[in-house]
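Structure first, commentary second.
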Protein chains: 2
Amino acid sequence: MDMRRLEVFYHVVEEGGFTRAATVMNLTQPTLSAAVRQLEDDLGTQLLNRLGREVSPTSAGRLLHGYARRIFALRKKAIAELTSLRTGDQGELLLGGSTIPGTYILPRLVADFSRQHAQIRVSLQLAATATIVNDLRQQRLELALIGGEINDRAFEVIPCFSDELVVIVPFDHQWSTGASIAEQELNNVPLLLRERGSASRKVLEARLESRGVSLDPENMVAEVGGNEALKQGVLAGLGAAVISRMAVAGELQRGELAELQLAGGPLQRRFYLLHARRVKLSVAAERFKSLVLSRGRTAVDSLDK
Amino acid sequence: MDMRRLEVFYHVVEEGGFTRAATVMNLTQPTLSAAVRQLEDDLGTQLLNRLGREVSPTSAGRLLHGYARRIFALRKKAIAELTSLRTGDQGELLLGGSTIPGTYILPRLVADFSRQHAQIRVSLQLAATATIVNDLRQQRLELALIGGEINDRAFEVIPCFSDELVVIVPFDHQWSTGASIAEQELNNVPLLLRERGSASRKVLEARLESRGVSLDPENMVAEVGGNEALKQGVLAGLGAAVISRMAVAGELQRGELAELQLAGGPLQRRFYLLHARRVKLSVAAERFKSLVLSRGRTAVDSLDK
DNA sequence: CATATCCATAGAAAACTCCTATATGTAAAA
DNA sequence: TTTTACATATAGGAGTTTTCTATGGATATG
């Protein structure tokens, strides 16, 4: 069943005649005549009773007209929704975040964004960097902010926001009065570490390597699979740890944990905003990207110096 | 938004690629490429992300695909319903009947028809002949069985079924023993009549006129607007009446009323099956028409002799 | 009975659809 | 990295379809 002809038929019924319908559709009457006849041939059913003055649908015609109305209403609605999606009035935004940015950075950005774009549903998935990247590739996510570095030309990667890893000890630790320690001294105390492969641990190891120090396995009290658990371990007095400042900002301020300066200077790390290069961003995602960059770009620029 | 292109887009998403969709649609891949591109231009929105290996919809594309699925499902359903309507498997039949045929003939026919075509909803409207004819003209009814004669080439009129008007008197009436009376004798007893213009009255007046008799207004006890009321009047002993045999068959059999033979022979009248000539009958109506004619045609043939 | 109005038909012009051939790009294999 | 396989994009032309103009036929109205 040809949709164009169905549309002609629909208008003919709606206007109660070929000539009137032709006017509405900006076509000529013979065109509509032919279209309806072809539709009737196609369906093998007479759809209209042609009376002299006007035209009325047969029972088959009434049935079909009901369907046609629903079909063209759907089309109209689809166009309207596409338009409002194109102008960014509504839509869905699927975000991903690795642990630190997903916990301490994105929630605030999402809140601000949602306030400005109440019609856009935002979903934020927290997961390991590798999972996030995979979901981006399969388009289960559109945009993500992660901690690990990505070297894949399939993704557009924009450095964005930064974080400092700090050495923390319990507030009553022997070092808690010392303002600064050398990197090698980390081997002199029980140390809690994140798991091998985590971004935090990579940054720490890179710093130690540049100083010619390697971690003494004897000192590792625990390998912990999460920043919160790591923090709890230090709070419990198990030892020292290197952790994102964002994760312990509260505890440091309240004096529950003490912070030490590393001799080699602050341990900086970057976060990265990324999305699949070939997937066109939705208007919503484009807007969120702008928001993230306007907030997080300046912080990175200072790191580059 | 062109429906043909929407259909192409729908299949491309459904099959996950242009080439596969082209195979399914019996078209070539460049055709689909062009169609989707034109659809995207038309809507001003990118609908598909063309990755190297395969193709996936953008968020706009997913939205549109949902609508497309519903639209084409509706079309499919419409075709299915039209087909079952064309083969007469289901549908609606709007019948009309004037008093006598609508009360004493059509109900039985409708019952038989419904038993054979359980899927077809039948509605039967009883009304005066003029109302029925008007409803046929406006297509509120498809087919009707009436008593009055119609002279309008807009209708196909088929004589069908017949009825006899009989003279009835109360069972204890002075005439109730007499087997036959002359027409002019009707003026010698109180007479109940149907209203002027009713088909029954026209038939009676025509017979009297052919005998050179006219009704004596003095004798008319009542002009009654309905056969049932007329019958009750005679049963109550108000006088004699001329009425359809069908309306009093039970009373005659039970001896509650007595029947007289007119000297001029039985007063026959015909019924007519009719429908608007220009309106194509539905399959259901066509079948009902056949049923009516097979039952009612023979009875009429005998009248023509 | 003439007139106005509406639908059907015929044939030609315009538009579009679809195809073939080819280019380009991507992902997996050598 | 280069090759191979596979997928989409592009260009131009053949074929079909759509649409138009002109005209004829049927019906209701004055």
Side-chain angles (χ1 to χ4, degrees), chain A residues 1-9 11-42 46-58 61 133-134 137-139 151-156 276-280, chain B residues 1-9 11-42 46-58 61 134 137-139 152-156 276-280:
Chain A
M1 177 165 62
D2 184 86
M3 286 294 203
R4 177 72 182 148
R5 289 169 189 159
L6 181 65
E7 195 172 3
V8 169
F9 166 75
H11 279 108
V12 170
V13 174
E14 205 70 4
E15 303 298 325
F18 288 76
T19 306
R20 272 184 294 279
T23 310
V24 170
M25 298 184 77
N26 284 315
L27 292 170
T28 60
Q29 167 266 315
T31 301
L32 306 211
S33 266
V36 173
R37 185 173 41 72
Q38 286 163 349
L39 185 64
E40 289 178 327
D41 288 352
D42 175 33
Q46 188 172 331
L47 297 171
L48 296 175
N49 289 305
R50 279 84 164 172
L51 307 123
R53 252 258 167 277
E54 57 190 320
V55 158
S56 72
T58 63
V133 168
N134 194 42
R137 204 186 299 273
Q138 311 208 355
Q139 297 186 56
N151 247 329
D152 187 332
R153 276 184 307 278
F155 294 99
E156 175 150 346
R277 205 183 284 276
R278 273 191 237 95
V279 176
K280 179 175 170 65
Chain B
M1 177 165 59
D2 183 87
M3 286 294 204
R4 178 70 182 149
R5 289 169 189 159
L6 181 66
E7 195 171 5
V8 169
F9 165 75
H11 279 106
V12 170
V13 173
E14 205 71 3
E15 303 297 326
F18 288 78
T19 306
R20 271 183 295 276
T23 309
V24 170
M25 298 184 77
N26 283 316
L27 293 171
T28 59
Q29 167 265 315
T31 301
L32 305 211
S33 265
V36 173
R37 185 173 43 72
Q38 287 163 348
L39 185 63
E40 289 177 327
D41 288 351
D42 175 34
Q46 188 173 333
L47 298 171
L48 296 175
N49 289 305
R50 280 82 162 171
L51 306 127
R53 255 249 170 285
E54 58 189 321
V55 157
S56 73
T58 63
N134 194 42
R137 204 187 299 274
Q138 310 209 359
Q139 296 186 55
D152 187 332
R153 275 184 309 281
F155 294 99
E156 173 150 348
R277 205 183 283 278
R278 276 193 236 92
V279 176
K280 178 175 170 66

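The figures that follow rest on heavy atoms only: side chains count, while hydrogens, waters and symmetry mates do not. A, B, ... follow the sequence lines: proteins, then strands. Residue 1 opens every chain.
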In sequence, state the C-alpha distance, the side-chain angles, and the governing distance for B:D152 and B:R137, and then conclude on side-chain contact (heavy atoms from CB on, under 4.5 Å).
-> CA-CA 11 Å; B:D152 187 332; B:R137 204 187 299 274; 3.3 Å; yes

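Atom CG of B:N26 is separated from atom C1' of C:dC19 by 14 Å (rounded to the nearest Å). Rounded to whole angstrom, the span from the CE atom of A:M3 across to the C1' atom of D:dT17 amounts to 18 Å. Distance, B:R277 CZ to D:dA26 C1': 15 Å, rounded to whole Å. When rounded to the nearest whole Å, the span between CG of B:L48 and P of D:dT8 equals 10 Å. Summarising the geometry, the separation between CG on A:D152 and C1' on C:dT26 is reported as 13 Å, rounded to the nearest angstrom. The separation between B:L39 atom CG and D:dA9 atom P is 13 Å, rounded to whole Å. Rounded to whole angstrom, the span from the CG atom of A:D2 across to the C1' atom of C:dC16 amounts to 13 Å. Per the geometry, CG belonging to B:L27 stands 13 Å off C1' belonging to D:dT16, to the nearest Å.
Of the possible donor and acceptor atoms, one in the side chain of B:R20 sits under 3.5 Å from a partner among the backbone N and O of B:E15. Listed for the B:E40 side chain is a donor-acceptor partner under 3.5 Å among the backbone atoms of B:L47.
Between A:R4 and D:dT19, a side-chain N or O to OP1/OP2 separation shorter than 4.0 Å is present. At the phosphate of D:dA26, neither OP1 nor OP2 sits under 4.0 Å from any side-chain N or O atom of A:R50. A close approach under 4.0 Å does not occur between any side-chain nitrogen or oxygen of A:R5 and OP1 or OP2 of D:dT17. Distances shorter than 4.0 Å separate none of the side-chain N or O atoms of A:R20 from OP1 or OP2 on C:dT5.
The residue A:N49 sits apart from the nucleic acid: no heavy atom pair falls under 4.0 Å.
Summary for the helix from C:dC1-D:dG30 to C:dA30-D:dT1: the axes at its two ends, each from 5 pairs, differ by 30° when rounded to the nearest 10 degrees.
For the atom pair B:M25 CE and B:T31 OG1, the distance stands at 10.0 Å (nearest 0.5 Å). Rounded to the nearest 0.5 angstrom, B:R4 CZ and B:L39 CG are separated by 12.5 Å. In this structure, B:R37 CZ and B:F9 CZ are separated by 15.5 Å, a value rounded to the nearest 0.5 Å. The distance from the NZ atom of B:K280 to the CD atom of A:Q46 is 5.5 Å, given to the nearest 0.5 Å.
Nearest nucleotide to the side chain of B:Q38, out of D:dA7, C:dC7, C:dT17: C:dT17.
A search for side-chain contact (heavy atoms from CB on, under 4.5 Å) contacts involving A:E156 returns A:I158, A:H275, A:R277, A:K289, not counting sequence neighbours.
At a non-hydrogen distance threshold of 4.0 Å, A:T28, A:P30, A:T31 from residues 28-37 of chain A come into contact with DNA chain D.
The shortest non-hydrogen separation linking A:L32 to A:A22 is CD1-N, 3.4 Å.
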